[in-house]
Amino acid sequence: MSQQVQEKYEESNLYKIRHSAAHVMAQAVMEMFPDGKITIGPPVGDGFYYDFDLPRNLTPEDLEAIEKRMRQIVQGKHEFKKTVISAEEAKKIFANQPYKLELIEGLEKGGLDEYGNPLKEKPEISIYQQDTFVDLCRGPHVANTKEIKQDAFKLMSIAGAYWRGDENNKMLQRVYGTAWENKKQLEEYLHQLEEAKKRDHRKLGRELEIFTFDEEVGPGLPLWLPNGAVMIEELEKLAKEMEEKAGYVRVRTPIVSKEELFLHSGHLPYYAESMYPAMEIEGVKYYVKPMNCPMHHKIFGSKQRSYRDLPLRLAEYGTCYRYEKSGELFGLMRVRSMQMNDAHIYVREDQFEQEFLRVVDLYLKYFELFGIEKYVMRLSLHSKAGLGKKYVDNERLWLKTEDMVRHAMNNGNVPYVEAEDEAAFYGPKIDVQIWSVIGREFSLATNQVDFAQPARFDLKYINKDGQEEAPLCIHRAPLSTHERMIGFLLEHFGGNFPVWLSPEQVRVISITDNQNEYAENIAQQLRENGIRAHADVSAQRMNAKIRSAQLMKVPYMLVVGENEMKAEQVSLRVRDGSQQNNIPLGEFVARAKDRIARRAKEL
RNA sequence: GCCACCGUGGCUCAGCUGGUAGAGCAGACGAUUCGUAAUCGUCAGGUCACGAGUUCGAAUCUCGUCGGUGGCUCCA
């Protein structure tokens, strides 16, 4: 479904403007560095970039100069002229441009596109020229440079990027820019970026006292503050409720185990670079677990299983530790200690499809609950080249299980896209890609098939005929990790959580000291009703108390003054600003309890 | 891990081309007792991330380390 949107964008005028702006930028950069090497410069989601190999690193001042020169160039109304040429001619033109020569060879020989991916047919080779700048390019472009409005683009940042996206290649300098049809659109976009910053989970996490990082504790190792701990517990409670209904049982396993376990599981052969290095005790190596699965497989294998026992659904919200490269860490979204919302389901082959769909169904229930509407299910497959390296070397089972997943998804009428070379080492998986409201994309829920580990651990059950048979295993984490989930939810709700998720659900605000005791009393009654409440009896004025409760995004404020105390009532101010004066406490308790029990979106 | 940039009290930020730190908010204390988003005052709080170097003198310059940010690679 996103395919359609992309095709549209590629045909749009905006796409041409951005692509053309990239060429203009390349012209400006090449004027500055005549010996520089150009590579590729495509449009992207909200702008464009161009990758260069330059004699020195660009500085922010350079960006200004480049931008200034670009404005001059676009005003020149230079035509974008396309010429179709032969590979030989192209090689002559770009004789001093090694990256372009590589691209031309790719086009000529195997039909590789600029990212090195194979093309279906051998494409024609064309160049585009504007003013003094010639680029190998298939287009399309705007008619002339003046169609790029001089006040509707902006260079955004300099970044490093590997040639052809391969970390073994040279790192190039990438300049990102944004370009729009007019000044107003550009300003709107820049405004959106500002707004997005306000919803950044790292900022909200600090302001709402959800989590913190400490240099001395270590990068990627979040400390959960009391408010954050409440949220995690709410997520666990939710998961436990759902899973109990769905027939899961819960287990607990240790954080470290002997090397042998991870050799056995295949983690060390295939996953070692994402694991913390071993520690040695009494001459034996121990590893901190990056996943719970090997332990769960041991639990499966701890007694003889009958076909009647399946599906066996073992759940554990265990904390795992992965060594993520330092540059990959990102707030709560990418951490080194993470609590998986994990379970492993052991099924017979004939149960696979139904069980797999039940897991997908569970995701959808969660998405509905959180109001997540924009997502894409992505079926991640192995690649032939990765067999024996990234992936367990058993092509037959890969193809078979991939087909089983496809079949299940098709039968369940669940739309999905396929992604080659993205699977887990032990089998294909469905990842759910979602976008937080501020446009950040990542995968949340995951549902993975594992044919490899059960075999490695020699897991068996006794079938109807009394024969031993190997189960399939489904790894699933519909709430992802609690870290990433809460990071996502912070941005998704902008900190305005539904009542059930709010760390503090009610703040009781006394107007003067005379009502302090009454306020404390009410907070206590609320707590006895299972509502997270506390009284603000500080020496502040009511307005200041309301302001601080609003800033902490507390869903309900109960204001109590002389009148309320006399009448034994409360005045309710809701986070959205609405209010309901002089209601009996019981009425409010009923409302709050109802919202919490239903996990309602509305306040 | 790679490229670039950044790092001043809990938070947000001032501190020009080097002369040894300042504000607001938050906090503590005191005063105020007030009807739906900030009452007033006083006080306390910083080895300017850390370590070297240059210099008569460094928060300001150089190098290194650590941490963060934007990307690349990778990913729940």
Side-chain angles (χ1 to χ4, degrees), chain A residues 44 49 51 57-60 62-63 156-176 197 200 202-203 206-207 209 212-220 273-274 290-291 320 322-336 338-342 380 390 422 424 429 431-433 442-448 475-485 487-488 509-516 538-552 557-564 571-575 577-581:
Chain A
V44 288
Y49 68 80
D51 285 349
N57 286 329
L58 291 170
T59 64
D62 292 330
L63 274 202
M156 304 298 282
S157 62
I158 310 162
Y162 300 108
W163 168 236
R164 289 198 147 159
D166 184 338
E167 65 179 321
N168 300 311
N169 286 344
K170 180 162 188 187
M171 179 155 279
L172 307 167
Q173 293 193 72
R174 174 172 298 182
V175 180
Y176 277 99
K197 274 189 198 160
D200 189 308
R202 292 165 297 187
K203 182 173 155 67
R206 187 165 50 235
E207 289 170 354
E209 296 178 20
T212 187
F213 285 94
D214 186 283
E215 243 186 75
E216 206 166 356
V217 175
E273 64 174 37
S274 297
M291 295 180 190
C320 297
R322 295 184 188 171
Y323 170 67
E324 305 284 348
K325 294 186 206 163
S326 58
E328 296 166 344
L329 300 172
F330 178 75
L332 282 184
M333 303 302 199
R334 198 70 187 278
V335 291
R336 286 179 175 165
M338 68 208 84
Q339 196 187 348
M340 315 287 294
N341 180 250
D342 212 2
S380 298
K390 279 167 80 173
E422 302 265 313
K429 59 177 180 174
D431 280 329
V432 184
Q433 273 177 287
F442 41 87
S443 31
L444 208 62
T446 184
N447 191 6
Q448 319 181 337
H475 303 234
R476 42 110 278 178
L479 292 178
S480 182
T481 62
H482 294 335
E483 285 73 14
R484 185 172 283 186
M485 193 66 198
F488 170 78
I509 294 171
S510 56
I511 295 183
T512 75
D513 287 355
N514 294 329
Q515 295 89 44
N516 282 355
S538 63
Q540 295 296 315
R541 293 172 64 203
M542 179 200 66
N543 276 325
K545 292 184 184 182
I546 287 176
R547 182 179 143 84
S548 75
Q550 286 284 162
L551 289 175
M552 290 304 279
M557 283 151 265
L558 293 183
V559 179
V560 293
E562 198 60 32
N563 300 334
E564 286 81 0
S571 284
L572 169 66
R573 178 191 163 102
V574 184
R575 186 172 59 203
S578 66
Q579 62 185 91
Q580 215 179 331
N581 290 338

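What you see below is based on every heavy atom in this structure, not just the backbone, and it leaves out hydrogens, waters and symmetry mates. All of these numbers come straight from a predicted model, not from anything done at the bench. Naming convention: chains lettered A, B, ... in sequence-line order (proteins, then strands); numbering from 1 in each chain.
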* To do: Determine, step by step, whether L558(A) and L572(A) satisfy the side-chain contact (heavy atoms from CB on, under 4.5 Å) criterion, reporting the C-alpha distance in whole Å, the side-chain angles of both residues, the deciding distance to 0.1 Å, and the verdict.
  => CA-CA 5 Å; L558(A) 293 183; L572(A) 169 66; 3.8 Å; yes
Rounded interatomic separation in angstrom, taking [atom1] from [X] and [atom2] from [N]:
{"X": "N563(A)", "N": "rU36(B)", "atom1": "CG", "atom2": "P", "answer": "12 Å"}
{"X": "L332(A)", "N": "rA76(B)", "atom1": "CG", "atom2": "P", "answer": "17 Å"}
{"X": "K170(A)", "N": "rC2(B)", "atom1": "NZ", "atom2": "P", "answer": "16 Å"}
{"X": "F213(A)", "N": "rG10(B)", "atom1": "CZ", "atom2": "C1'", "answer": "17 Å"}
{"X": "R334(A)", "N": "rG70(B)", "atom1": "CZ", "atom2": "P", "answer": "14 Å"}
{"X": "F330(A)", "N": "rC74(B)", "atom1": "CZ", "atom2": "P", "answer": "18 Å"}
{"X": "M338(A)", "N": "rC74(B)", "atom1": "CE", "atom2": "C1'", "answer": "13 Å"}
{"X": "E207(A)", "N": "rC25(B)", "atom1": "CD", "atom2": "P", "answer": "17 Å"}

* To do: Starting from the 5' end of RNA chain B, give me the residue, V335(A) or T59(A), whose nearest nucleotide shows up first.
  => T59(A)
* More 5' along RNA chain B: A424(A) or Q579(A), using each one's nearest nucleotide? -> Q579(A)
Nucleotide paired to [N] in any strand shown, Watson-Crick or G-U, under 3.5 Å:
{"N": "rC2(B)", "answer": "rG71(B)"}
{"N": "rU42(B)", "answer": "rA28(B)"}
{"N": "rC16(B)", "answer": "none"}
{"N": "rC61(B)", "answer": "rG53(B)"}
{"N": "rC66(B)", "answer": "rG7(B)"}
{"N": "rC34(B)", "answer": "none"}

By nearest atom, which of the nucleotides [options] is closest to the [X] side chain?
{"X": "A539(A)", "options": "rG68(B), rA38(B), rA31(B)", "answer": "rA31(B)"}
{"X": "V559(A)", "options": "rG35(B), rG70(B), rC72(B)", "answer": "rG35(B)"}
{"X": "M542(A)", "options": "rU33(B), rU36(B), rC74(B)", "answer": "rU36(B)"}
{"X": "E167(A)", "options": "rC66(B), rA76(B), rU73(B)", "answer": "rU73(B)"}
{"X": "A161(A)", "options": "rC72(B), rA4(B), rA76(B)", "answer": "rC72(B)"}
{"X": "I511(A)", "options": "rA76(B), rG35(B), rU36(B)", "answer": "rG35(B)"}
{"X": "Y323(A)", "options": "rG1(B), rC75(B), rC72(B)", "answer": "rG1(B)"}
{"X": "S571(A)", "options": "rA76(B), rU33(B), rU36(B)", "answer": "rU36(B)"}
{"X": "T481(A)", "options": "rG71(B), rA76(B), rU36(B)", "answer": "rA76(B)"}
{"X": "Y176(A)", "options": "rG70(B), rC34(B), rC72(B)", "answer": "rC72(B)"}

When you compare [N] with [M], how far apart are their [atom1] atoms, in angstrom units rounded to a whole number?
{"N": "rG64(B)", "M": "rG22(B)", "atom1": "C1'", "value": "30 Å"}
{"N": "rC11(B)", "M": "rG70(B)", "atom1": "C1'", "value": "23 Å"}
{"N": "rU54(B)", "M": "rA14(B)", "atom1": "P", "value": "31 Å"}
{"N": "rG68(B)", "M": "rU8(B)", "atom1": "P", "value": "14 Å"}
{"N": "rG57(B)", "M": "rC61(B)", "atom1": "C1'", "value": "13 Å"}
{"N": "rU55(B)", "M": "rG45(B)", "atom1": "P", "value": "35 Å"}
{"N": "rU39(B)", "M": "rA76(B)", "atom1": "P", "value": "49 Å"}
{"N": "rG9(B)", "M": "rC5(B)", "atom1": "P", "value": "23 Å"}

At under 4.0 Å between heavy atoms, what does [X] touch on the DNA or RNA strands: base, sugar-phosphate, or nothing?
{"X": "R202(A)", "result": "sugar-phosphate"}
{"X": "A544(A)", "result": "sugar-phosphate"}
{"X": "M340(A)", "result": "nothing"}
{"X": "N543(A)", "result": "sugar-phosphate"}
{"X": "E324(A)", "result": "base"}
{"X": "G165(A)", "result": "sugar-phosphate"}
{"X": "S443(A)", "result": "sugar-phosphate"}
{"X": "I509(A)", "result": "nothing"}

* Hey, are E562(A) and Q515(A) close enough side-chain-wise for a donor-acceptor pair under 3.5 Å? ->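 There is such a pair (donor and acceptor under 3.5 Å, judged by atom type) between the side chains of Q515(A) and E562(A).
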* With no hydrogens and no angle check, do the side chains of S538(A) and Q540(A) hold a donor and an acceptor under 3.5 Å apart? -> no
What's the spacing between [X] [atom1] and [Y] [atom2] if we round to 0.5 Å?
{"X": "N543(A)", "Y": "Q550(A)", "atom1": "CG", "atom2": "CD", "result": "11.0 Å"}
{"X": "L329(A)", "Y": "R336(A)", "atom1": "CG", "atom2": "CZ", "result": "4.5 Å"}
{"X": "R476(A)", "Y": "M340(A)", "atom1": "CZ", "atom2": "CE", "result": "10.0 Å"}

* To do: Before accepting this row, confirm whether a basic side-chain N of the pair R202(A)/D200(A) lies closer than 4.0 Å to the acidic partner's carboxylate O.
  =>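 Yes, charged N to carboxylate O under 4.0 Å.
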* Asked: Do E167(A) and K325(A) meet the salt-bridge criterion of a basic N to acidic O distance under 4.0 Å?
  -> yes
Hey, does the side chain of [X] come within less than 4.0 Å of [N]'s phosphate (OP1/OP2), counting only N and O?
{"X": "Y162(A)", "N": "rG71(B)", "answer": "no"}
{"X": "R206(A)", "N": "rU12(B)", "answer": "yes"}
{"X": "S157(A)", "N": "rG71(B)", "answer": "no"}
{"X": "K545(A)", "N": "rC34(B)", "answer": "no"}
{"X": "R541(A)", "N": "rG35(B)", "answer": "no"}
{"X": "Q540(A)", "N": "rU39(B)", "answer": "yes"}

* With a 3.5 Å cut-off and just heavy-atom distances, do the side chain of N514(A) and the base of rU33(B) make a donor-acceptor pair? ->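 Counting by modelled atom types and ignoring angles, no donor-acceptor contact under 3.5 Å is found here.
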* Donor-acceptor pair under 3.5 Å, E564(A) side chain vs rG35(B) base ->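 Checked by distance alone, the answer is yes.
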* Sub-3.5 Å donor-acceptor pair from the side chain of Q173(A) to the main-chain atoms of L58(A), do we have one? -> yes
* Asked: Got a donor-acceptor contact below 3.5 angstrom from the K170(A) side chain to the W163(A) backbone?
  -> no
